[in-house]
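To keep things clear, I will list the structure first and then write my remarks on it.
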Protein chains: 2
Amino acid sequence: MGAQLHRILRTAIIRGELVPGQAISEIEMSKRFSISRQPVREAFIKLGEERLIEVMPQRGTYVRKISVKEVLDARHLREIIELSIVREVTEKHDASLIKTLRQLIAQQQKVKPGDSRSFLALDEELHRTLALHAGRELAWRVTESIKAQMDRVRFLTFDFATPMPQLVGEHAKIVDAIESGDAELAAQRMQSHLRAILTSLPLIAERYPEHFVDE
Amino acid sequence: MGAQLHRILRTAIIRGELVPGQAISEIEMSKRFSISRQPVREAFIKLGEERLIEVMPQRGTYVRKISVKEVLDARHLREIIELSIVREVTEKHDASLIKTLRQLIAQQQKVKPGDSRSFLALDEELHRTLALHAGRELAWRVTESIKAQMDRVRFLTFDFATPMPQLVGEHAKIVDAIESGDAELAAQRMQSHLRAILTSLPLIAERYPEHFVDE
DNA sequence: ACTTGAATACTTGTATACTAGCATCCAAAA
DNA sequence: TTTTGGATGCTAGTATACAAGTATTCAAGT
């Protein structure tokens with residue numbers, strides 16, 4: 001139960017359904033989901049470790065506002081990890097991987113404009129495929145957790161601008177590079193792909209100031 | 001309380017005081033520390049996420065045996081992160097950092113042979129200093145958590161061989177490289193430093209088979 | 001001798017009751 | 001009008017009680 005609730009709340013926060021700064025409480029959630037406080041508490045602890053909420057003892061629990069610094073920090077770490085991964089898989093020259101990736105891209109192309117949830121799920125699936133194919137399960141677990149902060153920003157992005165076709169194009173270019181066997185080219189394209197958020201982040205932070213912490 | 005107990009059990013597992021495979025239970029720990037099951041339970045959840053114990057519902061909780069694959073995975077990820085960090089700090093040319101590092105090394109030289117606890121604490125302090133100086137708090141949190149699996153091996157290592165002076169020498173060489181401003185040299189030395197475990201790991205696994213999972 | 005099955009003693013998971021601390025609000029006093 | 005102090009209602013932290021499931025043990029029956 002606690003694990004289930006953790007995933008539910010996690011996606012709700014990432015999607016912005018639980019707005020930053022909003023107060024939530026163990027009792028409130030236990031009533032809403034008709035469970036006791038204990039599983040809620042355990043879900044809260046996990047969310048706190050992921051920096052998605054802040055538990056203040058004897059005071060209350062709040063959905064954390066997005067920190068630009070933390071997003072940049074997460075992005076940087078993710079870049080380090082994923083660049084290494086994409087280099088690894090490129091060296092492997094695995095045809096079956098290429099096929100899987102191309103199938104994912106085909107699915108991404110079919111996503112209807114505005115369906116940001118489906119796209120982000122397929123996007124995550126692509127990055128996950130790369131990591132697991134490199135045999136880096138631990139690296140993927142870490143990436144998955146730090147990605148949350150970035151995804152919060154991306155969900156805001158999709159609200160007013162949807163460059164989905166461009167992102168799919170970047171994915172295709174990356175896969176092309178992997179197939180070519182040029183690890184540095186693949187890494188370079190992955191890098192610029194992962195740096196896209198750098199240009200959008202300041203705009204988002206300015207457009208949705210109430211979602212971000214002042215710093 | 002839960003957080004305190006988490007640290008206590010964490011270090012106990014890393015030091016091998018709680019032996020791999022050993023059954024522990026929430027009730028047992030609650031009695032030993034004179035607290036209720038709930039804080040114990042929360043500590044267990046965290047330890048489970050760090051892969052230090054395994055909680056099997058309705059069956060029991062066990063100290064996880066060391067997995068060679070997981071140690072190698074952790075080492076690899078750590079190398080990626082720390083190489084990036086050491087490159088960053090080298091580019092910064094910060095004299096105060098060099099001073100701090102040299103002080104740490106001086107303390108490491110004073111550690112008495114056999115006092116592996118003190119040495120590992122100072123070792124961690126050095127790596128932590130580098131990460132935080134690069135402004136990579138998130139990267140350090142990740143490193144800290146994945147380091148646990150490696151430290152379990154290192155504590156076994158110290159039981160029969162103590163190459164502490166050699167390790168201190170490696171640290172000194174790394175700091176020299178950082179001071180010289182040659183980022184690639186610093187990274188190269190850090191890399192070989194972090195790869196030391198690769199040679200000792202097979203020996204340890206063979207010497208202490210009961211500490212390792214069969215795979 | 002072997003197998004089967006029920007009782008028992010564990011385990012973790014969940015629900016509830018109680019404790020301690022913080023914040024707000026409102027009234028009373030200066 | 002301003003300040004102070006206490007009552008009240010909230011919060012999370014902890015302790016305890018109960019539920020559900022597993023492994024073991026031991027005895028009874030074949």
Short side-chain N/O contact to C:dT16 OP1/OP2 from A:Ser36, under 4.0 Å: no
A:Thr61 side-chain N/O to D:dA12 phosphate OP1/OP2 under 4.0 Å: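 Yes, because at least one side-chain N or O of A:Thr61 sits under 4.0 Å from OP1 or OP2 of D:dA12.
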Using a 4.0 Å heavy-atom cut-off across all strands, classify [X] as base, sugar-phosphate, or nothing.
| X | value |
| --- | --- |
| B:Ile24 | sugar-phosphate |
| A:Gln38 | base |
| A:Ser30 | nothing |

Is the shortest side-chain N to carboxylate O distance from [X] to [Y] below 4.0 Å?
| X | Y | answer |
| --- | --- | --- |
| B:Arg136 | B:Glu88 | yes |
| B:Glu144 | B:Arg128 | no |
| B:Asp123 | B:Arg154 | yes |

Checking contacts here: which listed nucleotide ([options]) is nearest the side-chain heavy atoms of [X]?
| X | options | value |
| --- | --- | --- |
| A:Met1 | C:dT16, D:dA12, C:dT14 | C:dT14 |
| A:Arg59 | C:dT12, C:dC22, D:dT14 | C:dC22 |
| A:Phe44 | C:dT14, D:dA15, D:dA12 | D:dA12 |

Can you tell me the distance, in whole Å, between the [atom1] atom of [X] and the [atom2] atom of [N]?
| X | N | atom1 | atom2 | answer |
| --- | --- | --- | --- | --- |
| B:Arg37 | C:dG13 | CZ | P | 8 Å |
| B:Lys31 | D:dT16 | NZ | C1' | 14 Å |
| A:Glu42 | D:dA12 | CD | P | 15 Å |
| B:Ile45 | D:dG13 | CD1 | P | 13 Å |
| B:Ile35 | D:dT16 | CD1 | P | 11 Å |
| B:Ile27 | D:dA17 | CD1 | P | 12 Å |
| A:Leu5 | C:dG13 | CG | P | 15 Å |
| B:Arg41 | D:dG13 | CZ | C1' | 16 Å |

Candidates B:Asp73, B:Ile197, B:Leu194, B:Val142 - the one meeting side chain to side chain contact (heavy atoms under 4.5 Å, CB included) with B:Arg78: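 Answer after filtering B:Asp73, B:Ile197, B:Leu194, B:Val142: B:Leu194.
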Check: D:dT11 base within 3.5 Å donor-acceptor of A:Gln58 side chain: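 Counting by modelled atom types and ignoring angles, no donor-acceptor contact under 3.5 Å is found here.
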Ring geometry between A:His127 and A:His193 (parallel below 30°, tilted from 30 to 60°, perpendicular above 60°): parallel
